[in-house]
Each structure stands twice: as structure tokens, then as C-alpha cells.
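In what follows, chains carry the letters A, B, and so on, assigned in the order in which the sequence lines appear, proteins first and then strands, with residues in each chain numbered from 1.
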4 protein chains.
Amino acid sequence: MDFRTDMAVERRDLYRKANNIETEIDGVECEEETQEDIRVTRVKISNAQGQEALQKPIGNYITIDVKRINNIEPEKEDKIVEVIAKELISVVDKHIGKQDEIMIVGLGNLYSTPDSLGSRVVNEVEITRHIKIYLPQYIDENTRSISAISPGVLGTTGIETAEMIRGIVDKVKPKMIIAIDSLCSKNVDRINKSIQISDTGIVPGAGVGNARDELSEKSLGIPVIALGVPTVVEMASITNDCLDLFIEDLQKKAESNDVLNKLKDEDNYQKIKDALIPNDYNFIVTPKEIDDLIDSMKDVIARGINEAL
Amino acid sequence: MDFRTDMAVERRDLYRKANNIETEIDGVECEEETQEDIRVTRVKISNAQGQEALQKPIGNYITIDVKRINNIEPEKEDKIVEVIAKELISVVDKHIGKQDEIMIVGLGNLYSTPDSLGSRVVNEVEITRHIKIYLPQYIDENTRSISAISPGVLGTTGIETAEMIRGIVDKVKPKMIIAIDSLCSKNVDRINKSIQISDTGIVPGAGVGNARDELSEKSLGIPVIALGVPTVVEMASITNDCLDLFIEDLQKKAESNDVLNKLKDEDNYQKIKDALIPNDYNFIVTPKEIDDLIDSMKDVIARGINEAL
Amino acid sequence: MDFRTDMAVERRDLYRKANNIETEIDGVECEEETQEDIRVTRVKISNAQGQEALQKPIGNYITIDVKRINNIEPEKEDKIVEVIAKELISVVDKHIGKQDEIMIVGLGNLYSTPDSLGSRVVNEVEITRHIKIYLPQYIDENTRSISAISPGVLGTTGIETAEMIRGIVDKVKPKMIIAIDSLCSKNVDRINKSIQISDTGIVPGAGVGNARDELSEKSLGIPVIALGVPTVVEMASITNDCLDLFIEDLQKKAESNDVLNKLKDEDNYQKIKDALIPNDYNFIVTPKEIDDLIDSMKDVIARGINEAL
Amino acid sequence: MDFRTDMAVERRDLYRKANNIETEIDGVECEEETQEDIRVTRVKISNAQGQEALQKPIGNYITIDVKRINNIEPEKEDKIVEVIAKELISVVDKHIGKQDEIMIVGLGNLYSTPDSLGSRVVNEVEITRHIKIYLPQYIDENTRSISAISPGVLGTTGIETAEMIRGIVDKVKPKMIIAIDSLCSKNVDRINKSIQISDTGIVPGAGVGNARDELSEKSLGIPVIALGVPTVVEMASITNDCLDLFIEDLQKKAESNDVLNKLKDEDNYQKIKDALIPNDYNFIVTPKEIDDLIDSMKDVIARGINEAL
């Protein structure tokens, strides 16, 4: 199964639908909580079956869905910040001590708007490591040491992101990484409206097709919390969903039509992708207001991180 | 007929296909010329029938299609610049004298990447009007007077673009406007690879659905040359094309199916648009490299204008 | 007297010092009020003598001095926003009714960091004019109509800013203009820490030497409120102050030295300026953190305006 | 001696002037070459005395002085690019083989305009390392492997630049580093008009007062070529020069005055600096057109590097 989404919560839905599962998937637990306009969904992949089904490592995946993020009232933004901070700190506290050093890693390409979230959040995060080392008298001694880097992407550095991070981690020796990334969703309605926090690490660029080495406890030796926001949906993915809806509609009207039944069984994704992308461009679907939305989202997430840490 | 493209050359193709016209549309003339990797197509709408068919005013529409615009060799870029300059000056010369003052108008929203081309070109254009007025001794007396403005968009100014331009034109009294804009195409393969030059003015935002007052000789009293580059394709437009292809495929396999024939006759665009866009976002399809592509394109066009004028 | 500052409060101090005035200047009134870290100074030029002395038109000049603007606690920022809003609305209410339309004008050059404040503020201001016209059902009928423009600077448009604004005002017909601009101060300690609000209009670029037509009730027929922030100090201006201090020091040690007394009487500004600026660059003194400071300041001022209106 | 400049060529002049040396400094060699508008000065520090005198490591310092860099004719820009490329490759070839891997390091802070040169150059450099590794079939096998990173500054990452680079070098194992940085000059006329290339490494931020660990062959185990451009002059430095001129003037007029002679011997720099900078801002003198100048310079240097490698 090719999910074309980085969101565990969407994979769970897709898997259940595709396999006609009415109850829960074996090895997957899910609970949902709604406060006002904010819905928090906690998906836990608890064993190898769950991991196999959702093609995501065993661990916790928290999705925070909000109504909107730009032009919202300050109190609603405060509330979202507070939820992000609370969920983030609960994940962090499961793995390291209150004062253990954390390195924030902003993944993605600053110069490509839909992929710039990570670098832009890093620019807003409050850094303390250098103050703790060089000016300890100016800072509370219990303050956690925080550093932050934006390693860039393979296409602009020529170096695998994971390789670069490993080199820096070897020197700085943080106790945890929090990696911020742009994600790919299946659902246009989630773009810039969801935040996924997981404790299983991240594969940079996985959602948009340039997967490289993973960023995880296995590869780095320290826990890696991933905080991602969907900013794009693949065009071929939407078009495929559209066709599915269309074929279902056709089937209702012409039930016995074998051709249609067969088509429904096929995955037309690659066919559509090939048809749509005759050249070397990689097309994405994004809201017209993406620049503005990213701007708002980076503020909210940076505030959430600052509040949590 | 709802074309969902601002390109006259695409409208001509769509109209001919939809109406099974093998020869030329009445009131439309078209000629094509290819030099190396650059194709120049000149569509002329010569009478009311042509205007009615393509839903574009009587006048000339020149499309320059190039292979690529970013990371190209300097000589190829020089060649594209030269073609733009040549086509632009030929249109300008039809309407005004060699020294008549021109105002360059950069349409669109600087803060929305795919819509920022106009403002960014304006920032690169060589301005002479103030030098001719205040420091005439520093400039050749035959230099054409050039001014340039970026009026912004209704959503960020609260003022109709055409109204603002009329106010400025009343004071500055140029003899011609050259308006630079981002366009909407039907064809993903044209994004940032085509330049359309027309002498019939422009309707800001027409292609993406927020049409306002037109910018034309009729409304402003001076000729308006429009220079546009497609930067987006509407998602619903692509999906609809996709469905048409799909239905054609179905029909080949199940010819007598009346349901399918009926569906083919319907326009599913609005249905898909409604399905895809449940909220107030306006989704667009754009290349992942849009920031980079716009950057390259603005240089090429600014150079073309500078060379032409 | 050549003040080299746009701040009325600084001109008053300089004039009194230069003329050894211990009491108040004839035709000038001044009152000061301090709340916590915020000092509000109200200078009123009440007659022609005052106007002559300070070389500023008769009217009110309010200066809000704050301790700092970036990296401050949210509550302190809220307090500054509140003070700006209160002072601004009190000036606005003196001239127009509660629902009279206002046009915000962001002066300066977006592409020159220290001069970009006006344009950047405009980008953050809440616009209502288009909603009141096209979608009145979505907005409270008592909402004031607000539009906003960034006319650019003569060097990039070729058009005088005042001429462009006059053209737009003729069409849009607002009842008042609020013009946002970067100012020049004499005091490095005021850079990005003061806000001057006046009801006498503004001369774009006056402080940095490219004065053009004024923007005032006289020239536009509607009141023009100017809201400015000092972002630069001229290097030659500081150096001159420095020399004055130095000569004073010398004089204390060698009181009878006639040469020194004579030098003190001379204005060395032009000599220093000539010495320092041998080419066509216009050097400025600015904090290293100017980009960051501007970023913070633009948010605060935009919020002040939004809250006021 | 406190030079307040990163330019070896300026230090040589200052040292000779301060010590009344008419011939060459012991341990320093210098030759100058002028082609059209471009002057190339080669300062070689050849022994410990030279190193002691100029407070720069033994090695080669090439300064390329140009007339201007923005709004120049394409041919003149081509000429400057060519000179940079020629000088750079001659230094590179002294240390490594034609195909040895190079890592470009853009020092400085992207978000502070005068300090953003390094990061912005890196964004324009052609990277080949990933293509050589993953897609060797698409690239000439003799192409040199190039990677590029922008490590950021201590203030935004919390990590010393040298520490971060050491970590990455350990993994990537290039044979040489070319570090791009903004420099501090004593001469306003050199801002954005000089390029210094040296083979002795670099101390990030040294010129503006935040020196950290050095970046050199000694600390990294591979040769470090530094390519820097002066983008700032310290205000106190200029003011001090100004005062010196002034005092000289006074002395001419009042030769016997002991007070003045004494003052001339003192270094007023710290006194002026203290007087000018009463708060925590770090003021700099920079051309008003700095954003624009940086934009032009980054293109020229990136092209120089691309052509050289």
C-alpha cells in the first residue's frame, strides 16, 4: 500500500478503509480528544503488525488539528500554542530529564516556500546553549540548554541531511533532537491546519519523494522527536482520489459493469502521475495563501516550542 | 465555454477541439515560428466572431514558448531576452512613438510567490522618468521616459487595481502602459516557460477567479500592452481534464454505456471544485521549484523590457 | 540652523541649547508624561515663531520613547501597542469622524532595510474598504473603511510620491491619510525606540536628504497624520557631535586658545561630510540588528493602528 | 596596535604609517597590479616578524579592488568575475589537486543584511557532490566534488561555528574549505568594492568583535581559503580617524600646545566608542544601498567560484 501521506492518523484511516476494518487495526491504538476548536488524536503503533500495516515505526503519533492559523484571534492562537507545548513536553519528558540538552533541527529548504517551515521555526526558537556556556551568570542555572540548526537540503548542500546532523551531534552531544519538517498530506483540508508530533524520528523529504537516510534514535543514538506540519498534497494523489470518487459514482449507476470494477481495483496513481508530469518538474498542490500561512504557522510552532522548553 | 486559461493560444486549441474545427476559427488567425528552442506563436483575433469564440478582445496575442528558464546557459538566456525584446518593441511601435513615455505596471501580490512576478519585474526595470525631469543633463535626450509602479492587489490595499492605476495615470500622463502579470494556464508544461504579449490590455486576476475592472485602452484612454507568464494551473481544471481522459478511455471500452456518454457531456468542473475545496482556500498547482523559477523569470523579463525600451 | 533630525522633540532641545534658552521657546509648548518604561512627550508648535524656530509646521508632535522593542515580554509589548493606539486615535479624532475613511500610506523603499518600515507596516494593516464595498454583509456596518498603499520611492518608480498619492486620493477619496515613514534622528539611542506622531503631514525622505513635495492637508486637501520611527542617524552628524564634545574638552584645558574658540563657532559638519563621503554612497549609522528591529517594530505599529481604528 | 580592519592590505598601510616605515615591513612582501579598473594587491606575510607586525598568520592575502559592483555593464562584471576566478583558482591549486573535493562554507547571519553575504553566496554556488555520488552518469567524471553549508552564527544556533564545521568535515571529509565571510574595513571606500582571498583561514566575526575559534588548517586539518568582502566600517573607527585629522589641523595652527600634542598621542577610540554606544546596540556604518550592493556582490562571487571550480 502506497499511502502518499506522512500523517499516521491518515494512514490509519486509509488502511482501515482499504481493508474494510470497522474496529481497530491490530497493533494500533487510537484515542481522540476535542477541546473547543482543537482536536487531538493520539495514534499509538504498539507492535510489528501495526508497524507493518501503517508503514511507520512503533511509537506515538499525536495529531493536533486546528480550524485555522492565520488571522485568528490572539486568545485562540494562545490556546493552540498551549496545546502544542503541552503535547510536546509530554513526549519530551518520556525520554529525557528536565535539564537535558536538546537540539532543534529545522529540516527543509528555506528558499522553497512550502518547504521552508523548519528553517523558519528554527529562526524563532529561543537558544540558550551559548549563554549557558559563555555567560552562565545571565541565565537561571536550571534553564535547559537549547541549540538549533538548519542543515539545508541535499540539493543545495550536496550533503545528506542525516550525515550532516550526525557530524554536528558528535560534537555538540545533545540528549535529544526535535526535528521540524513540512509534511505531505492526502487531505487538502489539513494543509497548514495540522501538527503531528511523534517520537519515532523522521525521514527528511519522505513525503515528497526524495527520501534519504532516516533521522532516528537508531541512526543518531538519541531520541528524535518529529514535529511536522502538512504543507503540500501531491497533485497525482488528489487526482487519484477524485477518480476513485468518480468511479464509485459510476458503479452505483452501472453496477454490473466489469470494466469499471476492474478499474476500481487498479491503482491509477502511476498512470496519472506519468500523464501529468511529462517533464522534470515536481508539481504540488498548495493553497494560494501558502506564504502567509507558513508565516503564521512558524510563529505558532516557535511559540509552542519556546513555551514547552 | 469556460476556458480556465489566460493564454489565447490555448483557448484557440480548446475551442477548435471542442467544436471539431480542423481549419481555422472564423475571426482568428494564427502563425507559428520556431528558432532553435524558442517557439513564437502569433494569434490574431480579427473580428467579433473570433472575440466571441475565444472570449478575448480583438487584437494580437504573441506567445513565446521556451524550453526552460532556470539554470540555463547565459547564451540561451540572452537569446530568450532578445526574442522578448523584439516582440515587445514590435507591439509597442505599432501604438506609440519612439520617445513616448511608458509606465510599467507590475500586477499581483509581492507576498504570494506564484503571484509575485509583476512586482518583482518592476523592481528590476530601468526607470528614467525622474532623471529626465530632474537631471536631464545626465541622460541622452532621446531616452524614452519610463516610470514603474506596483499597485498591489485589492486584498491588501482595499482599492481596485484599475482605480488606483487610473488615478496615477491622470497625474503622470504616460502614453502607454505595459502591464506585467502572472497568468493561469491549462497546461502544467507551460508554467514559467511561456510569455504572452498582447495589445488588448488585461483583467487583473482574471485567471484565478478574482476579476475586477479591466485595464485597457477603453478604460484608461491609452494603449495597454499585457506581458504575462503562466505560473499556476487550477487544480480543479487539471482534475477535470484528467476525468475527461479517463471517461474517453471508459467509453472506448464500453461504448454503448449511456451513463458514461451523459457524464462526458456534462461539465464536471464545478462538481469537482466543490468537492475539492470545502473551505475558503483557493488551491493551485505549481511546481515545487516555483520560488526559484520566478526568480529566474523575473530577470529574463526585466532584461527583455530593458533591452526593448 | 540645520537640525539633521526629523524629531520635533530633538529640535526643541537643540534649539534651546544652541540659543541658551532655559525656559520654553516662544511658540512652543511641551509636556512630558512617563508610565513605567514609556515616556510620552507632547510638543506643540503654536505660532509662527515656534514654526520658525523648529522649522516644522504649526501643529502637534507626540513622541513615544520606549526602552526596547525586540525580544520584550508580551505584556510590555501590549502596553506599548496600547499607548501608540491611544495617542494615534486621539490625534485622529481631532480631525475626522469615527467612521470616516482613512488611507494608510507606507512611505519608503521596501528593498532598503532601514527605509522599509512604511511598506512593511502597510502589509500588516487590516484593510476593510473592499469588504465594505463588495461584501458589506460580512462586516459590522460601523467599521471604519481602511485602505492602504505603498507608493514606493522616486528612485524606483520615477514618479514623485506625493504626485502618485494625489492621483490615488482623487479616486479613492479618503477623509484622512496616515503616513508611515522611517525618520532620521540625532540620537543613536532613539533608533527603533521612538515613535513620533504628528498632525502636520510629512515630507518623504526629508531626513535623509531627498526631500520632494510635501504630503499635507495643504497639498492633499485632507488631514495627514504622520507616524514615524527613527531608523538612521547620519554618520557626519554623530561625528560632528563628537567633535563638539572633544573641543569642549580641549577648551576646558586651554581656555584662552583663540583658535579653538573659533573652531567651536564653526560648523564642521560639511567639512566632515565631505571628508567622509568621497563617492556617491550615502553612508548611514544603523544598529547591526536593524533587520530584526524593523521586524519587531513593524508588528507593534501595525497592531497599534489596528487597535486604534 | 588595534587595527580594526580584517584587510591585510590596510593593516600593512596602517603599520607602515604608524611606524614611519618608508620601505617594506620586515617579513611582509607586497606587489600590485592594475588592469583597467581592477587593482590586485598581493600581500605575503613571510615570517614571524611580519605575522607579529600585521597580527595575521603567515600566508598570502590577495585583495581585488574594483570600482563598483552594482549597476555595472555586463562586460565589466564578466571581467571582475574572471579576475576573482583566476586569483581563487591559483590559491586553490597551490594546496590541492584538480579533482579534490571542496566544501564551501558561508559564514555569517542570513537575517542580518550586512552579515548575510556568506549564506547568500552559498545559495548560488553550483553543488556537485550529491550528483557525483547518486547520479554519476549525469556528470563528467572529472568534475570536482563540491558541497556547501551555511552553519549560521553562535547567536542563532547556540553552537560555535568552528565546532559545527569540524563535525561536518569529519563526516564529509573534503580536501579543502573555502569560507565566505563579511569583513570589517577601515575605509568606507572599500565597502562592497574589495574582495580579499587568503590561504590562512578565518576567524568568524573577528572584525566586528565576536571572535570565536579559528577556522584554519591547524584546527581542521585541511587548508582553509578565506574569501571575504568588507561590508561594514565601525563608526568609532571612522570617528577616531576624523579626530586625528582634526587634531592634526589644530596642531598646525597651535604647534606649541602641549595639551594637543598629548591628546594626539592618546588613542581616543575607546573613549569615543564608550560615548557613542551607551546601550547594547552595536552600531555600524554601512551604505544606504547595502541590500542592493550585497545582492550584486553575491552574484559576482558565486560566479567567480563557479568559474574557478
Side-chain angles (χ1 to χ4, degrees), chain B residues 101-106 109-112 116 119-135 138-139 143-174 210-213 219-220 280 309, chain C residues 101-106 109-112 116 119-135 138-139 143-174 210-213 220 280 302 309:
Chain B
E101 181 167 339
I102 293 178
M103 181 185 287
I104 314 288
V105 176
N109 182 354
L110 180 60
Y111 299 99
S112 165
S116 65
S119 307
R120 297 181 71 186
V121 166
V122 156
N123 193 42
E124 306 275 323
V125 164
E126 285 165 26
I127 304 307
T128 56
R129 183 179 177 272
H130 56 317
I131 305 175
K132 292 210 66 159
I133 295 175
Y134 297 107
L135 303 163
Y138 287 116
I139 201 166
T143 308
R144 192 197 291 273
S145 181
I146 309 279
S147 61
I149 58 168
S150 289
V153 293
L154 181 64
T156 63
T157 63
I159 305 168
E160 294 76 9
T161 304
E163 193 179 359
M164 205 185 301
I165 293 169
R166 261 197 303 274
I168 299 168
V169 165
D170 281 359
K171 300 292 175 199
V172 178
K173 300 193 192 311
N210 336 297
R212 297 289 153 195
D213 292 355
S219 70
L220 291 167
D280 54 302
L309 307 181
Chain C
E101 181 166 339
I102 293 178
M103 180 185 287
I104 314 289
V105 176
N109 182 354
L110 179 61
Y111 299 98
S112 165
S116 65
S119 307
R120 298 181 69 187
V121 166
V122 155
N123 194 41
E124 305 276 323
V125 163
E126 283 164 27
I127 303 306
T128 56
R129 182 177 178 271
H130 57 316
I131 305 175
K132 292 209 66 158
I133 295 174
Y134 297 107
L135 303 163
Y138 287 117
I139 201 166
T143 309
R144 192 198 292 273
S145 180
I146 310 280
S147 62
I149 58 168
S150 290
V153 293
L154 181 64
T156 63
T157 64
I159 304 169
E160 295 74 11
T161 305
E163 192 177 2
M164 208 187 300
I165 293 169
R166 260 198 303 277
I168 298 168
V169 164
D170 281 359
K171 298 293 174 198
V172 177
K173 300 192 192 312
N210 337 297
R212 297 288 153 197
D213 292 354
L220 292 168
D280 55 290
L309 309 180

> Given the rule in the side chain to side chain contact (heavy atoms under 4.5 Å, CB included) test, do C:Glu160 and B:Arg129 qualify, once you have shown the distances and angles that lead to the verdict?
Replying inline: CA-CA 10 Å; C:Glu160 295 74 11; B:Arg129 183 179 177 272; 3.6 Å; yes
Review item, side-chain donor-acceptor pairs of residues 166-174 of chain B, under 3.5 Å, at least two apart:
residue: B:Asp170; atom: OD2; partner: C:Lys171; partner atom: NZ; Å: 3.0
residue: B:Lys171; atom: NZ; partner: C:Asp170; partner atom: OD2; Å: 3.0
residue: B:Lys173; atom: NZ; partner: B:Asp170; partner atom: O; Å: 2.7

>> Counting heavy-atom pairs closer than 4.5 Å to chain B, which one of C:Gly152, C:Gly158, C:Ser150, C:Ser145 comes out on top?
In response: C:Gly158
> Could you state the interatomic distance from CD1 (B:Ile159) to CD1 (C:Ile133), rounded to the nearest 0.5 Å?
Replying inline: 9.0 Å
> In terms of heavy-atom pairs under 4.5 Å with chain C, which of B:Ile165, B:Ile149, B:Val125, B:Ile127 leads?
Replying inline: B:Ile127
> What part of C:Ile131 lies closer than 4.5 angstrom to a heavy atom of chain B: side chain, backbone, both or neither?
Replying inline: neither
> Can you tell if the side chain of C:Leu110 reaches within under 4.5 Å of the side chain of B:Leu110, non-hydrogen atoms only?
Replying inline: yes
> Looking at CD of C:Glu163 and OG of B:Ser147, how far apart are the two atoms once the value is rounded to the nearest 0.5 Å?
Replying inline: 9.5 Å
